[in-house]
Structure formats: C-alpha cells, structure tokens
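These values consider heavy atoms only, across backbone and side chains, with no hydrogens, waters or symmetry-generated copies.
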Amino acid sequence: GKSPVICDVGPNNGDFALAFQAAYPEARLQLFEPLERHLDHLRKLKENGSFGWTLHPFALGSRSEELEIEIPDGFEDASSLLGFSEEYLRQNPGSARTRREICRVRPLDELMSNGKPSTAIDLLKIDVEGFEFAVLEGAADTLSRVRNIVVEVSLLRHSDGDYCPVARMVSTLGKYGLRLFRMQPTVEGDGPGKKPLEYDLYFTKATEVGS
C-alpha cells in the first residue's frame with residue numbers, strides 16, 4: 001500500500017521517530033522541533049539513516065507568532081512554551097533554573113495546507129510539555145484527516161483553573177471522531193500512592209475500529 005504519513009510534534013532526540021521508522025521503513029515523517037540542539041541531532045539521524053524525514057524548525061501552536069520557550073538547565077527535554085507551574089517545580093526541582101529563547105510557532109493547518117489538501121495523516125504524535133491544546137487549536141482542518149493520535153497530557157502543566165486535562169483532551173478530540181482507546185501513565189509523582197502525573201493517550205478514528 002502507500003507509505004504511512006506520520007507527524008511527530010516534539011520529536012526531541014528522535015527516539016519515537018527512529019522506532020517508527022524501524023517498524024515502518026516506508027513511512028514518511030514530518031518532524032516539528034524548535035530547539036536547535038535537537039534539530040542538529042535529528043539532521044544527523046536523518047543523514048545516517050537516509051530517512052525521508054522532513055524537518056520543520058519551529059514549534060506548533062494555535063497561530064503564527066514568536067513565543068519564549070523556557071529551557072531548564074540540563075533538562076532540555078522538558079522545555080516548555082507554557083512555563084512551569086509551582087506544582088510542576090515541586091515535583092521536578094531540577095527544572096527550577098531555566099534560560100529562555102525566542103521560539104517560532106506556526107499552526108499545523110498552515111503547514112499542511114501547502115501540501116496536497118487531501119493527504120490523510122496516519123499518525124499524529126504530540127509530546128510538547130503542556131502545549132498540546134494550543135497545537136490542536138492550530139490543527140482544526142488537519143484533525144479531520146488524522147486517523148490516529150498519541151498525545152502526552154500532563155496533569156501538572158495546566159493552570160489551576162483547568163479541569164482535568166485528560167477529560168478536556170477526550171472531549172476536544174471526540175469532536176473530530178477520534179476516540180480514546182488506551183491510557184498509559186508515564187510519570188508518577190512522589191508521596192503516598194504515587195499518583196500518575198502524565199499520561200500517554202491513544203486515540204483512533206471510530207470508523208477504523210469498526211464501531
């Protein structure tokens with residue numbers, strides 16, 4: 001059949017992209033990464049593997065703008081356009097010292113409309129440290145063509161006023177016919193009961209699962 005189209009939003013050091021490329025050698029990946037250090041690494045991986053990756057050197061959000069990204073010293077993987085809540089810093093004291101860089105942000109719809117408008121996206125993976133709802137706001141047109149989504153949702157990243165972000169994600173994607181079929185806790189907090197602080201949520205188009 002035809003090559004799967006994968007959008008990797010927040011590819012970081014490329015672990016997911018490499019794993020996916022190994023599983024589906026013919027897959028075409030679009031990688032969206034604003035940090036130069038990660039981009040350098042991704043360019044090397046692309047060259048070494050001769051992968052058909054397209055690298056986009058910016059973050060995704062609800063509109064075209066420039067924002068400050070906060071980059072914790074020694075924990076660049078946790079860099080966030082949302083900043084860090086008090087509760088997040090309590091659980092992750094290592095992220096207290098940060099530097100800021102200006103980061104270009106674009107909406108996914110704008111980037112995808114340059115290609116063939118009808119291109120279906122087989123998998124959209126979003127791991128953007130709390131900025132996931134802004135990414136989805138800028139992807140309203142694209143979401144109608146997405147078959148599967150895996151998105152990381154943090155319970156600590158969002159403002160106090162936000163009700164459960166997992167429920168918000170389920171209702172947001174439900175409007176596009178995407179339904180939750182798996183939830184996996186990825187980071188556990190300290191203290192009794194070790195409550196999960198982050199989840200990977202897996203969604204698929206209801207039609208794909210024959211319901």
What residues, two or more places apart in sequence or in another chain, satisfy side-chain hydrogen bond (donor to acceptor under 3.5 Å, both in side chains) together with [X]?
{"X": "Thr142", "answer": "Asp109"}
{"X": "Asp122", "answer": "Arg147"}
{"X": "Ser144", "answer": "none"}

Of all residues at least two apart in sequence or in a different chain, which pass the side-chain contact (heavy atoms from CB on, under 4.5 Å) check with [X]?
{"X": "Phe32", "answer": "Cys7, Val9, Gln30, His56, Leu60, Leu108, Leu111"}
{"X": "Leu180", "answer": "Val170, Met183, Leu201, Phe203"}
{"X": "Pro185", "answer": "Pro196, Tyr199"}

**Item:** Minimum-distance pair of heavy atoms, taken over all atoms of Arg104 and Pro57
**Value:** NH1-O, 4.5 Å

All salt bridge (Lys or Arg N to Asp or Glu O under 4.0 Å) counterparts of [X], not counting sequence neighbours:
{"X": "Asp40", "value": "Arg43"}
{"X": "Lys46", "value": "none"}
{"X": "Glu65", "value": "Arg63"}

**Request:** Classify the side-chain pair His41/Asn13 by whether it contains a donor and acceptor separated by less than 3.5 Å.
**Result:** no

**Request:** Assess the side chains of Ser64 and Glu110: does a donor N or O sit below 3.5 Å from an acceptor N or O?
**Result:** yes

**Prompt:** Considering residues at least two apart in sequence or located in another chain, which fulfil the ring-ring contact (aromatic ring centres under 6.0 Å, His included) criterion with Phe20?
**Reply:** Phe16, Tyr24

**Request:** Can you run down the salt bridge (charged side-chain N to carboxylate O under 4.0 Å, His left out) pairs that involve residues 7-24, sequence neighbours left out, and say none if there aren't any?
**Result:** Asp8-Lys125

